[in-house]
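Count residues from 1 along the sequence.
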Amino acid sequence: MSMKPEEIEKKILAYNPEVDIGLFRKAYDFIENAHKGQTRVSGEPYVVHPLEVADILASLRLDIITIVAGLLHDALEDTPTKLEQVKEVFGMEVSFLVDGLTKLSRIEFKTREEQQAESFRKMLLAMAKDIRIILIKLADRIHNMRTLEHLSPDKKTSIAQETLDIYAPIANRLGIGWMKTELEDLSLKYLHTSEYEDLVKKVAKREEERKDYINDVIDEVKNALKRENLTGDVRGRPKHYYGVYQKMLKQGISFEQVYDLIGIRIITETKADCYAILGVIHSLWTPVPGRYKDFIGLPRPNGYQSLHTTVIGPKGERVEFQIRTHEMNSIAEEGIAAHWRYKEKVPIGESDMERFGWLRQLIDLQQDLTEAKDFFDTIKVDLFPDVVYVFTPRGDVKELPRGSTPIDFAYSIHSDIGHHCAGSRVNGKIVPLKYQLKNGDSVEIQTSATHIPSRDWLKFVVTPRAKTRIKQWIKAEERKRSFELGRELLEREFKRHDHSPSVIKSKEMTEIANGLGFQGTEEMLVAIGYGKVSALQVINRLVPEKVKEEEMPIKRPLKKEKGERGVMVKGIDDILIHFSKCCSPIPGDKIIGFITRGRGVSIHTEDCSNVMDLAVDKDRLIDVDWEQDESTHPVRISVYTVDKPGLLANVSSAITSAEVNISQANISTTEDKKAYLNFVVEVKDLNQLVRVIKKVEQVEGVLDVKRIKTA
């Protein structure tokens, strides 16, 4: 057994000598008996898992109630134990936490997307009730990730992806740095195994090669601090493999081009010492412009505080420094858990929870967003914030995600102010509504009763609150307009067939609406206004002698605009289509239709970023599919290469060798002797595009080839 209960007891008593350790012993005896005979997939006794979870919680120096609940967290799910037993033996508080954890594990969903969104909802609500539920859940996930190798490949991938999408961001938002880092690194290990193993080897090799260099830098810093009578613990900074991987991916660079792998952390006594040490570092070496960040004066939303600076160190190497106090380091590693210490039987108070105001905002948000994808996309923004701090006219500080605009600011104050935002002054000057706010800006919103939200706002607002409120307003307005249009179209059709418009309010019309799959006449009129149902279909229901072709849900080819290729649509005939230029769909892509007013149906790829912005109301999305078609389609590809003579000719030759025509080419070079070759090529389908990309990738000097889906 890897962990013994006596070792955990010793750990708990080291930070809380007054604790009732007998409760821990009683809980261990209870689970040892409850899980008797059970084994994990690895073959080891099941009781090892709850013990490891308890050890992780003890490492966070949490209260005894949390640790006992961690020991018992699987008892209700995997043993005959009843909640009443737990309550009777261990009390109300432990049973409440165990019950909360059990409910989290019993969620079942139809799709992965729905599962992730609903998992987030459940965890947010659990956090609101008692933050300790999530701390136990995170400890549970950490140990499961540490032993993931025993599961099947599909299970490993699924759990690792869920960990990266859900658990690591929550650990980050709670400020538990070591946990976030370990969860991300372990996820990378199972999602991209070869890349992870390659990184581990390269980082270890670089550390070995630069060991003397790092030690020399540390010695020089220590000597400089001694000369200035400053104290500080100077050490190398732990490497974060996932962070390095993400940097390589996002910046399109190789491992060798990642400069800030050399990291030094200095831990000192006071805030004043942090700034004094920063001055010493900058006097020793030249700071890199734009790489100094003061998270002490302006802490991150999760409470993280530290000074960051990157300097050109000895031999021209870049070295990144983090400077913080012991308390700041504790909070950086343990987050909200650092505020929990020694609080026996006392829930986290309001003052502690104020540091995590984002949690309340997310809970409010989950009540507004019913669509799983909308909710999941929105919380991703909220869980990975890079913030700016701005001021209201009264001098109050507002924290907003980087890239926020005056409209985001307006909605953060009140929905009505956002809806009627007509203009803005920043630092006394009038600015456009899409102006990106900067740290220290003073923002004043000008409102007008006649001003209303615009769909264009969705292109530049970034806060979940603003996006949600704008979409809700647009959806309500579009529904209102569609209802009025649908009523007008139906009344016109009634007049053509010598029926009184008053029939719309009849019981018979309600039955027709129900027969067409709508809850009532109003829903049907809205659908007519959108163009999803025709007024003629309703007339055919009302007048039985008419042939009811509309009731036959078959796929028919759509009319095409000049120069467009066709797709098939279910249940709608004789309608114009056009292909969106934002994503340039080609046969083989998964596509979706969007009903537009006046231009029929626009065709997008399912993953097009504009689809969800356009389809505020899901009623305007429609299922479509490709026709058999031999026409060609324009597609943009970008080729990243070294900059050398003859490469353009070689790439062009590779494209044409796949029997594909190049209709446009554009070339740009970079300062580091690289080039971007951007082409528009005419392909028949996705398979032909894949062949083109493979041929181009084989050209010597080509570093990367991508399909570009944005206009």
How many angstroms lie between atom CD1 of Ile470 and atom CG of Asp456, to the nearest 0.5 angstrom? 10.5 Å
Could you tell me whether the side chains of Asp154 and Thr157 share a donor-acceptor contact shorter than 3.5 Å? no
Does Gln161 offer a backbone N or O that forms a donor-acceptor pair with the side chain of Ser187 under 3.5 Å? no
Asn678 and Arg636, any side-chain heavy atoms less than 4.5 Å apart: no
Check: Ser448 and His420 side chains under 4.5 Å, non-hydrogen atoms: no
CG (Asp441) and OH (Tyr435) are apart, to the nearest 0.5 Å, by 4.0 Å
Are the side chains of Leu138 and Arg141 in touch, meaning some heavy atoms are under 4.5 Å apart? no
Tell me whether the rings of Tyr411 and Trp457 are parallel (<30°), tilted (30 to 60°) or perpendicular (>60°). perpendicular
Donor-acceptor under 3.5 Å (Ser580 side chain, Ile603 main chain): yes
Hey, are the side chains of Ile586 and Arg707 touching, using non-hydrogen atoms and a 4.5 Å cut-off? yes
CG (Asp416) and SG (Cys421) are apart, to the nearest 0.5 Å, by 12.5 Å
Drop me the distance from Ile474's CD1 to Ile452's CD1, to the nearest 0.5 angstrom. 9.5 Å
Given side chains that start at C-beta, do those of Pro406 and Val431 come closer than 4.5 Å, heavy atoms only? yes
What I'd like to find out is whether the side chain of Arg465 reaches to under 4.5 Å of the side chain of Ser415, using heavy atoms alone. yes
Please determine whether the number of non-hydrogen atoms from other residues, nucleotides or ligands lying under 6.0 Å from atom NZ of Lys438 exceeds 12. yes
Charged N-O contact under 4.0 Å between Glu184 and Lys180: yes
Does the side chain of Phe409 come within less than 4.5 Å of Thr392's, by heavy atoms? yes
Value rounded to 0.5 Å, distance of NZ in Lys429 from CD in Glu444: 15.0 Å
Side-chain heavy-atom pair Phe460, Asp408 within 4.5 angstrom cut-off: no
Rounded distance (nearest 0.5 Å) linking atom CG of Leu97 with atom CD1 of Ile134: 11.0 Å
